[in-house]
2 protein chains.
Amino acid sequence: MSEKRRTSRGSSSRSDRVPSASVRLTARDVAASLGVSISTVSRAFTENAVISEETRRMVLEEASRMGYTPDVLARSMITRRTRIAGIAVADITNPFYPEVLARLTRRLHEAGMQSMVFFADPGRNVDDAIPTLLQYKPDVALILAATLSSETTAACKRAGTPVLLFNRNVQDAQVESVTCDNLDAGRMVAEVLLGAGHRRLAFIQGLSDTSTNRDRLEGFQQGARAAGAAEPTVEAAGGFTYEGGYAALKRLMDGLNPPDAVFCANDIVALGALDAARRELGLQVPQDLSVIGFDDISMAAWPSYDLTTVRQPVNAMIQLTVEKIQALLSKDDQVPEQVFLPGRLIRRSSARLEER
Amino acid sequence: MSEKRRTSRGSSSRSDRVPSASVRLTARDVAASLGVSISTVSRAFTENAVISEETRRMVLEEASRMGYTPDVLARSMITRRTRIAGIAVADITNPFYPEVLARLTRRLHEAGMQSMVFFADPGRNVDDAIPTLLQYKPDVALILAATLSSETTAACKRAGTPVLLFNRNVQDAQVESVTCDNLDAGRMVAEVLLGAGHRRLAFIQGLSDTSTNRDRLEGFQQGARAAGAAEPTVEAAGGFTYEGGYAALKRLMDGLNPPDAVFCANDIVALGALDAARRELGLQVPQDLSVIGFDDISMAAWPSYDLTTVRQPVNAMIQLTVEKIQALLSKDDQVPEQVFLPGRLIRRSSARLEER
DNA sequence: TTGAAAGCGCTAACAA
DNA sequence: TTGTTAGCGCTTTCAA
């Protein structure tokens, strides 16, 4: 098999050629055609502008007839509003992010904003994408990523671009964030597992330097401590990946103190752990081992996995994010706020949650 | 559990407040600081501009010291180049697209372009996103979607924005496209399945009005016909979804003529079909039934599935796409070309491909 | 090789 | 309610 190319060269005709940039319509053209000033045309397209309803209707009609739309770039130069949300995403291989991204951009679009998405290189963190992101002067920088340096937020501050963290938060309360209450969720998972009679807990880390990972682990440890249970074993997956979870679970079970319940930093890690347990080690889940994930990505519900997991309140998180952006754009001074929304345990068959 | 908010109100200090848009540095500032004209500053940042190496170095140095970068928006107004690739994506729930998107935006970025991503509403096709996409005057519109109306390409043509289809093509050869050779791959799958002794072929459709679906099915049918085999049964999943594939497989097996081999329109559909076969119908795969997918998303390789599938040559497709974009931007007249790259069968355990 | 001046398409004072 | 005018920050002729 080899590459094929099909062109219309054979039966070429005039219409086959892509026209090189058609005529550019400007407000001046519409104005001339109507015998009004360009300001009038501009006003017709500006909300809350002082213009008679009649004139506006006339202008808009003629504009749409001619096929004119205002140039958003030229407009932005003056209004200092690009209506662009610069979104930096890392780790797109985690299905949680595409799911969030799709809903988030849709809600932003409904709120009259466009999304400019920047994907960070895998392995590296999101910071490298920020300078280019800032070049387009987005009205807000949205960080959908687990890792992030403080240099990045500083760069945004310097550029005067407000930053909003999604599914991530920093210690110093200097920057807005919307996350799931990972700490509390971790605690709850420990409680529930211990309540069902599990005795040897373990946690599989994604990236240890991310806030999500850290908070989930810390909550888990707090929960174990509060119940007077043994300290959970901690094993590193080396990243939020299926392969990492797979390998980490094998190491755990081969260790000196194999767990009877594993809480994973997120669903992708948990799916890897599940497959290692069932397909490679031949364990019965949840009889031999309980596995719990985090996020509730759509695959968690698939019958091959049927993963018990903590569902992030994604819709509420997105709703709040959009509201925060709108607030940022109206008032320009604001006290940064970190919001934590409660996660919810979704009980499926990968974990034994009743005493036996 | 309830929502928590944490602010720094308690220990509020001056530095807690987000600064409202810091000073805006312009070329004028750099020029003044150096005692040169703004044209000189501009030239320093323009490739191939007539300027002495020494002056350029001096300007760039001072600029970086001050933290100045040219305003890309203002620049675009004059150059008529935004360096933005407007990317419209539908169906982000199919993991194939995030994987492509991540790599594509990275390669575009290396080529000096930014990606503005627009997600179409689920269910609806990508067309609704196009008008807003065009507003930002992208240098090229990239369509990553299975469905697309001809009205959309017309709108782009009118706006003077070149269009490039990825993983999609239209009949009339009027628009550039880069796809896998779906027809040929479909043929190959039929051949291989029939060669291994399967007798009752079936195809599970995603969306019947998409070019990918159509070509894969048509190739499959051609292959069956060429081998003198019975016409494959066709069942509709109602969309490229896991749930659709799951339900479609059950209907197929409950039907009058249950197949011994199923070719699915893509991997997500195939994973649903696999789970239905194994988890619900208790079938042995591949002894009772062979299942083949399309795309080779990362999950296809997971041990729980180990899906035999046709791998799309994603890297080559992306490479070609970026090259085409660069060509589009240099020459403005071009004969549209449709490129088909060969897919490759990845043999895993979900299909019996040897005669027994 | 550099600078002065004229816009790109638009919005927002300011007048009328 | 509308029109006139002055820019937004930049690139690009044209002259020097």
Side-chain angles (χ1 to χ4, degrees), chain A residues 21-60 62-63 66-84 134-139 159-161, chain B residues 21-60 62-63 66-84 134-139 159-161:
Chain A
S22 53
V23 261
R24 221 166 228 264
L25 279 173
T26 73
R28 165 175 272 104
D29 298 316
V30 181
S33 157
L34 242 40
V36 298
S37 74
I38 50 171
S39 330
T40 299
V41 176
S42 168
R43 289 188 182 107
F45 281 95
T46 311
E47 262 190 316
N48 310 324
V50 196
I51 184 176
S52 80
E53 234 1 274
E54 198 186 357
T55 318
R56 166 171 278 153
R57 212 168 18 74
M58 181 184 75
V59 172
L60 292 181
E62 177 67 2
M66 298 175 70
Y68 164 83
T69 10
D71 184 319
V72 286
L73 268 52
R75 168 181 276 176
S76 296
M77 281 196 67
I78 302 176
T79 59
R80 262 75 226 285
R81 281 282 148 83
T82 53
R83 306 211 70 92
I84 294 177
L134 290 177
Q135 287 223 323
Y136 284 87
K137 305 251 189 313
D139 289 346
T161 307
Chain B
S22 54
V23 261
R24 221 168 229 265
L25 278 174
T26 74
R28 166 175 271 105
D29 298 317
V30 181
S33 156
L34 243 40
V36 297
S37 71
I38 48 172
S39 327
T40 300
V41 175
S42 168
R43 288 186 182 107
F45 281 95
T46 312
E47 264 189 317
N48 310 322
V50 196
I51 183 175
S52 81
E53 235 359 276
E54 198 187 354
T55 318
R56 166 171 279 153
R57 213 167 17 75
M58 181 185 73
V59 172
L60 292 180
E62 176 67 1
M66 299 176 67
Y68 164 83
T69 11
D71 184 319
V72 286
L73 268 51
R75 169 180 275 176
S76 296
M77 281 196 64
I78 304 176
T79 61
R80 264 73 229 286
R81 282 281 149 83
T82 52
R83 307 210 70 92
I84 292 177
L134 290 177
Q135 286 223 325
Y136 284 87
K137 305 249 187 321
D139 290 346
T161 307

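Note that this is a predicted model, so its numbers are computed, not measured. Here is how names work: the chains are called A, B, and so on, in the same order as the sequence lines, proteins then strands, and each is numbered from 1.
Residues B:L73 and A:Q135 are not in side-chain contact: their nearest non-hydrogen atoms beyond the backbone lie 4.5 Å or more apart. Looking only at side-chain heavy atoms (C-beta outward), A:T40 and A:V59 come within less than 4.5 Å of each other. Under the 4.5 Å side-chain criterion, counting only non-hydrogen atoms from C-beta, A:E62 is not in contact with A:Y68.
Following rounding to the nearest Å, B:D71 (CG) and D:dC8 (P) show an atom-to-atom distance of 12 Å. Atom C1' of nucleotide D:dT11 and atom CE of B:M77 are separated by 11 Å, given to the nearest angstrom. As rounded to whole Å, 6 Å separates atom P of D:dT2 from atom CD1 of A:I51. The separation between B:L25 atom CG and D:dC10 atom C1' is 15 Å, rounded to whole Å. In this structure, B:D29 places its CG atom 11 Å from P of D:dC8, rounding to the nearest Å. The interatomic distance linking A:Q135 (CD) with D:dG9 (C1') rounds to 14 Å, in whole Å. In this structure, CZ of A:R28 is placed 13 Å from C1' of D:dT4, rounded to the nearest angstrom. For the pair A:R80 CZ and D:dC10 P, the computed distance is 10 Å after rounding to whole Å.
Between B:V50 and B:A74, the residue anchored nearer the 5' end of DNA chain C, judged by the nucleotide with its closest heavy atom, is B:V50. Mapping B:R75 and A:T40 onto DNA chain D by nearest heavy atom places A:T40 closer to the 5' end of the strand.
B:D139 contributes a side-chain N or O that, together with a main-chain N or O of B:R83, makes up a donor-acceptor pair within less than 3.5 Å. The main-chain N or O of B:S42 is found under 3.5 Å from a side-chain atom of B:T46 such that the two form a donor-acceptor pair. Proximity of a side-chain donor or acceptor of A:R56 to a complementary backbone N or O of A:R43 within less than 3.5 Å is detected. Looking at B:T82, its side chain never comes within 3.5 Å of a backbone N or O of B:S76 through a donor-acceptor pair.
Counting any heavy atom pair closer than 4.0 Å across all strands shown, A:Y68 reaches sugar-phosphate atoms only and no base atom. B:V41 comes within contact range of no nucleotide atom at all, as no heavy-atom separation falls under 4.0 Å. A:T55 comes within 4.0 angstrom of sugar-phosphate atoms only, judged by non-hydrogen atoms across all strands, and of no base.
Boundaries of the chain B contact region on DNA chain C are C:dT1 to C:dG9, first to last in 5' to 3' order (nucleotide atom under 4.0 Å from a heavy atom).
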Check the interface with nucleotides 12-16 of chain D: list each N/O to N/O pair with the protein under 3.5 Å, or write none.
residue	atom	partner	partner atom	Å
D:dT12	O4	B:S39	OG	3.3
D:dT13	O4	B:R43	NH2	3.4

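Within the 4.0 Å cut-off from OP1 or OP2 of D:dG3, at least one side-chain nitrogen or oxygen of A:S37 is found.
For B:Y136 and A:Y136, the distance between ring centers is not under 6.0 angstrom.
Side-chain atoms of B:S52 and B:T55 form a donor-acceptor pair, as typed in the model, at a separation below 3.5 Å.
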